[in-house]
There are 2 protein chains.
Amino acid sequence: MAKATIKDVAEKAGVSVKTVSRVLNDEPRVKPSTKEKVEKAVAELKFKRNPLACGLRSNQSFVVTLIYSNPNPGYIYELQNGILSQCSKLGYHLQLQPCDYKDPNLLEIIEDLIEHTPQDGLLLTHPVCDNQAVRELLVKKGMPFARISTFREDKNSPGVYCNDKLAAIEMTNHLISLGHTKIAFIKGHPDFGATEKRYLGFLEAMKSWDIEVNPTFVKEGAFTFASGEEAARKLLIQKDKPTAIFSSNDYMAAGVLKVAAQLGINVPTDLSVVGYDDTPVSQQIWPSITTLRQPIFELAQTAVNQLVKKIKKQDISEQDIEFKCELITRASAGPIKINK
Amino acid sequence: MAKATIKDVAEKAGVSVKTVSRVLNDEPRVKPSTKEKVEKAVAELKFKRNPLACGLRSNQSFVVTLIYSNPNPGYIYELQNGILSQCSKLGYHLQLQPCDYKDPNLLEIIEDLIEHTPQDGLLLTHPVCDNQAVRELLVKKGMPFARISTFREDKNSPGVYCNDKLAAIEMTNHLISLGHTKIAFIKGHPDFGATEKRYLGFLEAMKSWDIEVNPTFVKEGAFTFASGEEAARKLLIQKDKPTAIFSSNDYMAAGVLKVAAQLGINVPTDLSVVGYDDTPVSQQIWPSITTLRQPIFELAQTAVNQLVKKIKKQDISEQDIEFKCELITRASAGPIKINK
DNA sequence: TTGAAAGCGCTAACAA
DNA sequence: TTGTTAGCGCTTTCAA
């Protein structure tokens, strides 16, 4: 069974090829009765357009490329699922382009990509989307793109992001509501915009309750298990220990749990530990980690919508769309012990 | 700057388009000097072929589709990386098709996919590749495919897999070499071929050392954290406890660690726990989990090679290519306590 | 509201 | 060894 072509449909419907094309593209000025005839023929022949031919002629490809440089497989997995779900609704395909955001050739790689692979638009995840040179290149080349989990605003491109600061405030308030005041904070990797936003949220919440932040309670981290471990070791051998540790992500929180276990500190009775991101590990560890979940799937879907609007040169009502994180309480954080 | 076409190259090199096409396709019977001229023109114009046009004309798309139904993001992530790396070498693109292996419409979804999306071949991961109806459909439709991590042989398609049985033997031997004889085993989900292979390896190793397997030491699991927890609870409240637990994957091993911690059983001094798959969690937990690592990246690369050979109708010397797992010793397993 | 013809960039078939 | 011509399946332009 050779695949049906537009010609077969035209013949079957008794109209010209062009008319079929008009129906397929939802162009106006087609008589309803004609449209019906064509649609019937399409259905009977199980006709689907050859995307290659469409792309060739109209200089479109219905492909969008996801550029990512993120060591968190769970995040990428969920992101892809969200993108795929929306792409398939809108008739687009997804191309993957992993990269290293620190690669000195990043700009050339991206330039090569947009010059030589057919695609209609790009989805950039952080931290690549926060790279100004990359954004400028894309604007110069006229390649539509949308930013995901971004931390820099940009008038030339739409973006979606989670309000990290707000979420960090909520988490800090949660710890305070459990009675904690001696709260330590482990920062993330300085290359990531989230690092600062999360820290600022922590500071703001502490300030709003007039709780002083002990400078020895703030440690640098790097979003890795080992960096969480190291920070925790410093925090927990101090004479004046915190009663709660807010880690900027779950990997580091897992590192904190390790150190606590080694030092014989019981979590959550002697120490509350919270993380960020709702990474799979936060449920696969004991105690399971109280954390903040980004709606990654929805973020991704919305980014695709924004990108497709941009591709089709439609109005983008909101340039940067904000999402909220969800506080997920698990076993690693609890009320402070009174008789301490 | 409009993109250069094959016409521009032909003009610049002073030859016909067909000659350029010959050079691009590495066809024989081109005079070396002509070839050089063309290659120079290609380089100067930074010409790259328009894949859409190639695909349309030659009825190829240089797209391969990965069909997966696997809840382990780390596995998929690594698999994609391996596939992408090899695809880019061979000039192919990757399309993603997540699915649910239990979906009653799976067959129709795949039929629709191969009928209506241009692609040259399919990569099937387990358990989808072990579905005979799916394989028969693809053979019937003449769509080339390769199987990844497969457990059924198939004369009509190439495949790559890890020798799970061998790996399980190695792990069991490892535990035995640490002095353990009271070894429990938690099986995986019965829908996955790995489940049986891993169990058989365990049994074989035990038998080879003439160690009897206590039937109460074998529990059903489902590859989930909760199922590991449940199995461990049953195992560890018995009067006659095992001194080591071999979990069929890391998620379940993490569940075992939780129960051990709750029951005050120290790992690894009082109990050794080992897993399988080298999932990220195995390093993000304390004690870190001794496990088996599949060379997923290499598996994926090889599968792409096999598939492309199949697409190009080249000889496939080896139909099913075997890989070995690597035993990774971490903190969760140690020598048995003598003075028990 | 509809159609005829041209052509997107490339390769296959055939000819020279 | 190289070139000419046609055409993949569709959309665009222009005309009716």
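Below, read A as the first sequence line, B as the second, and so on, with proteins coming before strands; counting in each chain starts at 1.
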So, does B:Thr19 get its side chain near the phosphate of D:dG3, meaning an N or O under 4.0 Å from OP1 or OP2? yes
Any N/O donor-acceptor pair, A:Arg29 side-chain to C:dT1 base, under 3.5 Å: no
Interatomic distance, B:Gln60 CD vs C:dA12 C1' [rounded to whole Å]: 13 Å
Aromatic centroids of A:Tyr101 and A:Phe192 separated by under 6.0 Å: yes
Is it true that B:Asp26 and B:Lys35 have a side-chain N and a carboxylate O under 4.0 angstrom from each other? yes
What is the distance, to the nearest angstrom, from the CD atom on B:Glu27 to the P atom on C:dA13? 11 Å
B:Leu52 CG to C:dC10 P, in whole Å, measures 11 Å
Rounded distance in Å - CD1 (A:Ile6) to P (D:dT12): 11 Å
May I ask you to verify if any side-chain N or O of B:Asn25 is less than 4.0 angstrom from the OP1 or OP2 atom of C:dT11? yes
Is there a side-chain polar atom (N or O) of B:Ser58 under 4.0 Å from OP1 or OP2 of C:dT11? no
A:Lys48 NZ to D:dC10 P, in whole Å, measures 13 Å
Determine whether a donor-acceptor pair (one donor, one acceptor, N or O, separation below 3.5 Å) exists between the side chain of B:Arg22 and the base of D:dT2. yes
What is the separation between atom NZ on B:Lys7 and atom P on D:dA6, rounded to the nearest whole Å? 15 Å
C:dT2 phosphate, OP1 or OP2: any side-chain N/O from A:Thr34 under 4.0 angstrom? yes
Among C:dC10, D:dT1, C:dG3, the one nearest any side-chain atom of A:Ser16 is C:dG3
Looking only at side-chain N and O atoms, does A:Ser21 come under 4.0 Å of OP1 or OP2 in D:dC10? no
Given the structure, check if the side chain of A:Arg57 and the base of D:dG9 hold any donor-acceptor pair shorter than 3.5 Å. no
Between the base of C:dG9 and the side chain of B:Arg49, is one N or O donor paired with an acceptor at under 3.5 angstrom? no
A:Ser61-A:Asp120 side chain donor-acceptor pair, cut-off 3.5 Å: yes
Please state how far atom CG in B:Asn59 lies from atom C1' in D:dC10, giving the value in whole angstrom units. 15 Å
Considering only side-chain heavy atoms of A:Thr5, which listed nucleotide, D:dC10, C:dC10, D:dT2, is closest? D:dC10
In terms of the nearest nucleotide of DNA chain D, which residue is placed more toward the 5' end: A:Leu56 or B:Val17? B:Val17
Judged by atom type as modelled, is there a donor-acceptor pair below 3.5 Å linking the side chain of B:Asn105 to the main-chain atoms of B:Glu108? no
Can a salt bridge be assigned to the pair B:Arg152 and B:Asp130 using a cut-off of 4.0 Å between side-chain N and carboxylate O? no
Assign B:Lys18 to base, sugar-phosphate, or nothing according to its heavy-atom contacts below 4.0 angstrom with the strands shown. base
So does B:Ser85 get a backbone contact from the side chain of B:Ser88, meaning a donor-acceptor N/O pair under 3.5 Å? yes
Return the value, rounded to whole Å, for the distance between atom CZ of B:Phe62 and atom P of C:dC10. 13 Å
